[in-house]
Structure formats: C-alpha cells, structure tokens
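Below: the structure, in structure tokens.
The sequence lines fix the lettering, A, B, ..., with proteins before strands; numbering per chain opens at 1.
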Number of protein chains: 2
Amino acid sequence: MTTQDDWIANLKAASGDLARSSTVTRVADLLRQQITDGHLVPGAALPEKLLSEAANVSRNTMREAFRLLAQEGLVVHEFNRGVFVRSLTLADVADVYRVRRILEGAGVRNAAEAGPEPVARVGAVVAEGERAAAEGRWADVGTADIRFHQAVAALCGSPRVDDMMRHLLAELRLVFHVMGSAERFHGPYLPRNRRLADLLAAGDLTTADQELRAYLYDAEAQLTAAYTAVEPA
Amino acid sequence: MTTQDDWIANLKAASGDLARSSTVTRVADLLRQQITDGHLVPGAALPEKLLSEAANVSRNTMREAFRLLAQEGLVVHEFNRGVFVRSLTLADVADVYRVRRILEGAGVRNAAEAGPEPVARVGAVVAEGERAAAEGRWADVGTADIRFHQAVAALCGSPRVDDMMRHLLAELRLVFHVMGSAERFHGPYLPRNRRLADLLAAGDLTTADQELRAYLYDAEAQLTAAYTAVEPA
DNA sequence: GAGTAGGGATTGTTCAACAATCGGGCAATA
DNA sequence: TATTGCCCGATTGTTGAACAATCCCTACTC
C-alpha cells in the first residue's frame with residue numbers, strides 16, 4: 001500500500017508540472033530568466049510590441065505575463081508609459097534588509113519548534129556552499145548563500161514566509177547585478193553561515209539570533225556602500 | 001525656497017491620484033469591494049464572459065483585473081478552469097496567524113526605535129474603536145480592530161511589512177464573512193487592544209510582546225473553532 | 001452501476017482596429 | 001536664450017470577434 005501510494009504521490013507531483021502549461025506562464029518564465037540573469041538592466045523599458053513579436057505571442061498574452069512579473073516585483077507597470085525592469089532605491093534595499101532581519105530572525109528563534117529536519121537542511125546548504133567554494137564554483141557559492149537564507153527563514157514553518165523570502169531575494173538579485181561580480185559578494189559570508197548553522201544545530205538560539213542580526217547589518221552596509229558607488233540616485 | 005519646494009512636493013503627491021485611472025484598476029476595485037463585503041462567497045466561480053458583460057468591459061480587460069486580484073490573494077486562477085473567490089483552508093488560517101505573530105511581534109519589539117508618532121497612532125486607533133463601541137457602531141469597531149493590528153505592524157517602519165499585513169488581513173476577511181456576524185468577533189478584543197496600547201505607550205515592550213502573543217493565539221483558536229463548525233474541509 | 005463517447009459551455013490565445021496618451025521636435029514669441 | 005504652444009510619430013489602453021483547447025455534464029452502452 002505504501003508503494004502504491006508513493007506512485008500516486010509521484011504522479012500527483014508530476015501532474016502539477018504537466019498542467020502548468022499556459023503560454024503566459026512560459027513567457028513570464030523567459031522574461032524572469034532574462035531579468036534575474038542580469039541581461040535586462042534595471043530601468044530598461046519593455047515595449048509590448050517588440051517583446052510580443054520576439055516571443056511569437058500576442059500582445060495581450062505578453063501583457064498578462066507582465067502582470068505576473070509585476071506581482072513578483074521584478075518589473076513595474078506605469079500607466080500609459082509601459083513596463084520597466086524594477087530599479088531599487090537605497091530605501092528599498094534598507095527595507096528589504098529590515099524585513100529579512102524580521103523573517104530570518106523569527107526563523108532562528110523558532111528553530112526549536114521547527115524540529116530537526118529543517119535545521120539539518122540549513123547545515124546541508126552550508127556544506128554545499130563550502131564544497132562549491134573548495135572547487136572554485138563561485139556562481140554556485142552565490143546560489144548556496146541565497147538558499148542558506150531561505151532555509152533559515154523556512155525555520156518559521158510558514159509557506160507565506162517562504163513566499164516573502166523568495167520575493168525579497170529576487171528583488172535583491174536586481175541589486176546584485178548592478179554591481180559587478182556578484183560572486184565575490186557572497187564568498188566572505190560562508191564562514192558566518194557555517195557558524196550560524198553550528199549554533200542552530202547546538203540549540204544556542206540566543207547567540208544565533210544576535211549573530212544573525214549583526215550578520216545582516218554588515219551585509220546591508222556593504223551592499224549599500226557598493227550600491228551608492230554605482231547608483232547615486 | 002523651502003515654501004517653493006513644499007508646493008512642488010504637494011503637487012507631486014497629488015499627481016499620483018490623478019493618473020491612477022485605468023479601466024482595469026476600476027474593475028478590480030469593484031470586484032474587490034464585492035468580495036471584501038462578503039457578497040461573493042469563497043469558492044464562487046467568476047465567469048469572464050458574464051462579468052465582463054456585466055461591467056461593460058472587454059473580456060481581456062476583465063482578465064487583467066483577475067490577475068490583479070489574484071496577486072492580492074482574493075481570487076485563485078485555475079488553468080483552463082477559471083477564476084474563483086479564494087477559499088481559505090484551516091492550514092491557511094493557521095499560517096496567517098503564524099505570520100501575524102511574527103510581523104506584529106516585530107512591530108512591538110521595535111516600538112522604541114519607531115519613535116513616538118507611530119506609537120501614538122496605535123493609541124488613537126484604539127480610542128476610535130472605543131468610541132465606536134460606545135455608540136454601538138459595531139461595523140466601525142471591526143474596522144478599528146483591523147486598523148489597530150495594522151498600526152502595530154507599522155511599528156516596524158517598513159512599507160513591505162505594511163503591504164504584507166494588508167494582504168494578510170484581506171485574506172482573513174474572507175474567513176470572517178463565512179461565519180455570521182463578524183462584528184461580534186471583534187468586540188471582545190477591545191480591552192486587550194487598550195491594554196496593549198497602554199503597555200506600548202509606557203514602554204513595557206517585553207510584557208507587550210508576551211501579551212500580544214497570547215492575544216493572537218486566543219484569537220486564532222476562537223476563529224479556528226468557529227471556522228471548523230462551518231467549513232469542515 | 002461503472003465506464004465511455006458525445007456536445008455545449010468556458011477558457012486560452014490570437015488578431016486587427018481605434019482611441020488616448022506620451023515624448024520629442026519645431027516654430028513662434030518675448 | 002528661455003519659455004511656451006503645437007504637432008506628429010510611437011506606444012499603450014481597450015475593444016470585439018474569432019478559433020482552438022479544455023472541461024464538465026449527460027446520455028448511452030454493457
């Protein structure tokens with residue numbers, strides 16, 4: 001019975017991907033890729049006619065895709081003016097880190113109630129980052145760093161918090177690409193990730209909470225400094 | 001020069017309201033009103049043809065309005081099946097309160113850094129609720145209760161947190177209307193709002209934090225009990 | 001009663017058209 | 001020169017119709 005249920009569960013999980021067709025979704029995926037990869041710089045205009053013809057879809061379909069991306073905060077829609085790649089102000093960066101301190105802090109303080117598996121996941125992600133660093137795969141170090149913070153927030157055990165973190169980190173990626181070589185930015189934080197994971201595994205949540213706070217304040221300061229150098233406004 | 005800059009600043013603030021037209025926005029406002037007022041029960045289907053003809057707009061326009069409402073979590077869009085008024089599960093209710101504890105708790109703990117004005121706003125909203133209760137305006141008591149919690153979360157000083165709270169409370173409104181007489185639900189919490197506001201004004205944030213936690217757990221329990229009685233699934 | 005083939009209704013997507021608006025250039029004026 | 005007013009091309013906002021794809025219900029078969 002368990003094996004049979006597993007078949008069903010697997011099918012159910014796969015069916016989500018199958019039914020997920022929808023041209024709008026696919027177009028949105030394409031644009032999202034272009035944006036998060038940094039091929040579309042913040043502030044760039046996205047003319048509907050040009051893009052719809054390039055993607056071989058109708059203008060209306062492209063418009064619906066725009067709505068999806070606007071929902072995710074990757075683009076902004078200005079009435080009668082068009083759609084533009086989102087450009088974060090310094091106030092935005094400060095606010096993102098403010099919310100990150102709240103959500104990741106809540107995750108750390110909830111680590112005991114969250115149980116052992118989510119805590120283990122945090123450690124696993126750090127190990128993955130260390131492995132990538134040892135092998136010089138700097139891009140993977142960056143994604144591991146992002147996944148680390150997602151794993152910390154996931155300690156809240158809340159789907160909505162997971163959603164919010166995904167959005168916040170997507171917004172930050174907009175900033176990362178403005179300053180060159182995003183990889184070098186994540187590297188120095190690996191030891192601190194390790195220390196946090198160890199503190200969590202040991203159950204010393206008070207120290208972990210303080211550590212994380214300082215961590216995020218430092219990261220914000222560094223990012224802000226690098227960002228002001230490029231984006232004066 | 002300062003006065004001249006003030007003129008400009010005022011114009012700039014007002015200009016946002018002027019350009020805010022857009023048929024899509026207006027249609028979305030209409031539907032949002034119908035949903036939050038409870039005229040559209042959760043789970044109800046929203047056929048595009050019917051609604052677009054009723055609102056005298058094109059089907060495409062109605063679709064874009066749907067995307068906006070889906071972004072706010074008021075409706076869900078199922079591929080090839082249509083749009084339905086969002087129906088919250090018990091797990092959703094639990095998660096909403098989980099996040100509320102995180103955000104409102106962060107607000108309370110941040111009250112000192114937030115400064116006096118946001119704290120004063122919390123007290124003002126409570127006073128407004130008490131006035132409404134004294135005059136028997138129960139509907140206003142409900143809205144004052146909601147605004148109270150928004151004011152508490154606003155102590156974070158974060159636009160993004162404000163956004164999240166607005167979304168969470170909008171989701172909760174979907175639940176309120178399922179159980180009859182939402183007014184009676186908010187009334188008993190007025191004294192606790194008052195106590196919390198006083199604790200905040202006095203600067204006793206530790207007690208306020210504990211109080212708020214217990215508060216939200218109680219509210220969740222009561223709402224969950226009332227909700228299971230109506231919505232077994 | 002369970003499974004299965006219609007068939008009507010709804011959604012997904014496209015296309016073409018027109019009104020409304022924006023942005024830039026150009027000329028007129030002081 | 002700087003400002004104002006105006007025009008024009010380009011882009012967006014919105015509409016209506018059309019067709020394919022899909023879902024859901026019903027009637028039919030065994």
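- Distances were taken from every side-chain heavy atom of A:His77 (C-beta onward) to each of D:dT14, D:dG13, D:dT22; the shortest belongs to D:dG13.
- Taking every heavy atom of residues 51-61 of chain B and every atom of DNA chain D, pairs under 4.0 Å involve B:Asn56, B:Val57, B:Ser58, B:Arg59, B:Asn60, B:Thr61, by number.
- Among the nucleotides D:dT12, D:dG13, C:dG12, the one closest to the side chain of A:Pro47 is D:dT12.
- Nearest to the side chain of B:Val24, among C:dT11, D:dG13, D:dT14, sits D:dT14.
- A:Met62 places its CE atom 15 Å from the P atom of D:dT11, with the value rounded to the nearest Å.
- Taking atom CZ of residue A:Arg63 and atom P of nucleotide C:dT14, one finds them 15 Å apart after rounding to whole Å.
- Smallest separation of non-hydrogen atoms from A:Ser87 and A:Gly43: CB-N, 4.2 Å.
- The NZ-P distance, from A:Lys49 to C:dA16, rounds to 11 Å in whole Å.
- Picking from D:dT12, C:dT11, C:dC22 the nucleotide with the shortest atom distance to the side chain of A:Arg81 gives C:dC22.
- Across the protein-nucleic acid pair, A:Asn80 atom CG and D:dT12 atom P stand 10 Å apart, rounded to whole Å.
- Of all nucleotides listed (C:dT13, D:dT12, C:dT21), C:dT13 comes nearest to the side chain of A:Thr23.
- Shown here for B:Ala106 and A:Ile102, the closest heavy-atom pair between the two residues is CB-CG2, 3.7 Å.
- Side chains of A:Leu223 and A:Tyr97 form a contact here, defined as non-hydrogen atoms less than 4.5 Å apart.
- Within the model, atoms CG of A:Leu155 and CZ of A:Arg121 stand 10.0 Å from one another, a figure rounded to the nearest 0.5 Å.
- How far NZ of B:Lys49 is from CZ of B:Arg59: 9.0 Å, rounded to the nearest 0.5 Å.
- Between B:His149 and B:Tyr215, the angle of the ring planes goes over 60°, which puts this pair in the perpendicular group of the 30/60° scheme.
- Each end of the helix from C:dG1-D:dC30 to C:dA30-D:dT1 gets its own rotation axis from five pairs of C1' atoms, and the angle between them is 20° to the nearest 10 degrees.
- When each of A:Arg101, A:Arg100, A:Arg98 is tested with A:Glu220 by the rule salt bridge (charged side-chain N to carboxylate O under 4.0 Å, His left out), just one qualifies, namely A:Arg101.
- Between the C1' atom of D:dA20 and the CZ atom of B:Phe79 lies a distance of 12 Å, rounded to the nearest Å.
- Whole-Å rounding puts the A:Phe84 CZ to D:dT12 C1' distance at 11 Å.
- With rounding to the nearest 0.5 angstrom, the CZ atom of B:Arg160 is 13.5 Å from the CG atom of B:Leu103.
- A search for salt bridge (charged side-chain N to carboxylate O under 4.0 Å, His left out) contacts involving B:Arg166 returns B:Asp163, not counting sequence neighbours.
- Between the P atom of C:dT14 and the CD atom of A:Glu48 lies a distance of 14 Å, rounded to the nearest Å.
- Between B:Arg26 atom CZ and D:dG13 atom P the separation is 13 Å, expressed in whole Å.
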